[in-house]
Amino acid sequence: MGGRILDKVGARKPILIGTSLCLIALIAFTVSGRHLTNIFIALVYILYMGGMGMCMGCVMTSALTVVGKAKQSQGNAILNTLQQFAGAIGTSLVAMIVAASQSHLHTTRRISTATGTQEAFGMLTIFCIIIWISYYRSVKK
């Protein structure tokens, strides 16, 4: 769906829509972080991954149009490497926040894990806001 929108109106709209869907999902996770049910997690995660699917391919396509045909293979390799690196850093940060919550809060493991998870979602929400602003400013109409 993101690719079809990209072909019709350009990269800006699917990137901002996809990032907005991710932001909405992260806000939902952050706000209800201590009261998550399996159904809620599944539905919000579907929203989140729909947003990721809509924006990530369009981000890569938009970025690769800037480098030109001669350097597309190098650009693709750099973007894929950066995507893996950013994912590893994000996963590490989230794990660190949850582990710190578990070791520093003097409550049950369940409550400290839920608190840490909610704090981690808050951090991811802040990152998503920064990403949305950077896309809003840099992706041309």
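All residue numbers in this chain count up from 1 along the given sequence.
Between the side chain of Ser101 and the backbone N or O of Ser112 there is at least one donor-acceptor pair closer than 3.5 Å.
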Please set out all donor-acceptor pairs under 3.5 angstrom arising from side-chain atoms of residues 113-126, sequence neighbours excluded.
unit_1 : atom_1 : unit_2 : atom_2 : d
Thr113 : OG1    : Gln102 : NE2    : 2.6
Thr113 : OG1    : Arg109 : O      : 2.7
Thr115 : OG1    : Ile111 : O      : 2.9
Thr117 : OG1    : Thr113 : O      : 2.7
Gln118 : OE1    : Arg34  : NE     : 2.9
Gln118 : NE2    : Thr30  : O      : 2.8
Thr125 : OG1    : Leu26  : O      : 3.4
Thr125 : OG1    : Thr30  : OG1    : 3.0
Thr125 : OG1    : Phe121 : O      : 2.8

Please output the side-chain donor-acceptor pairs of residues 129-136 that fall under 3.5 Å, not counting sequence neighbours, one pair per line with the distance.
unit_1 : atom_1 : unit_2 : atom_2 : d
Trp132 : NE1    : Ser20  : OG     : 3.0
Ser134 : OG     : Ile130 : O      : 3.4
Ser134 : OG     : Ile131 : O      : 2.8

For residues 65-76, dump all side-chain donor-acceptor pairs below 3.5 Å to protein atoms at least two apart in sequence or in another chain.
unit_1 : atom_1 : unit_2 : atom_2 : d
Thr65  : OG1    : Ser62  : O      : 2.6
Asn76  : OD1    : Asn80  : ND2    : 3.2

Just list the side-chain donor-acceptor pairs under 3.5 Å for residues 41-50, sequence neighbours left out, or say none.
none

Indicate every side-chain donor-acceptor pair of residues 81-99 with a distance under 3.5 Å to a residue at least two apart or in another chain.
unit_1 : atom_1 : unit_2 : atom_2 : d
Thr81  : OG1    : Ala77  : O      : 2.8
Thr91  : OG1    : Gly87  : O      : 2.8
Ser92  : OG     : Ala88  : O      : 2.9

Inset, instruction - May I have the step-by-step check of side-chain contact (heavy atoms from CB on, under 4.5 Å) for Ile15 and Met54, ending in yes or no? - result: CA-CA 7 Å; Ile15 289 172; Met54 183 172 285; over 6 Å; no

Legend entry - side-chain contact (heavy atoms from CB on, under 4.5 Å) between Leu23 and Thr19, intermediate numbers included: CA-CA 6 Å; Leu23 183 59; Thr19 309; 5.6 Å; no

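Applying the ring pair (Phe, Tyr, Trp, His ring centres under 6.0 Å) rule to Phe127 yields no partners; only residues at least two apart in sequence or on another chain are considered.
Leu16 CG to Cys55 SG: the interatomic distance, rounded to the nearest 0.5 Å, is 9.5 Å. From Cys128, atom SG reaches atom CD1 of Ile27 across 8.0 Å, with rounding to the nearest 0.5 Å.
Placement of Met56 and Leu64 in two distinct hydrophobic clusters is found when ILVMFWY residues are connected by side-chain heavy-atom separations under 4.5 Å, directly or transitively. Ile17 and Met60 fall into different hydrophobic clusters, where Ile, Leu, Val, Met, Phe, Trp and Tyr residues are linked whenever their side-chain heavy atoms come under 4.5 Å apart, directly or through other members.
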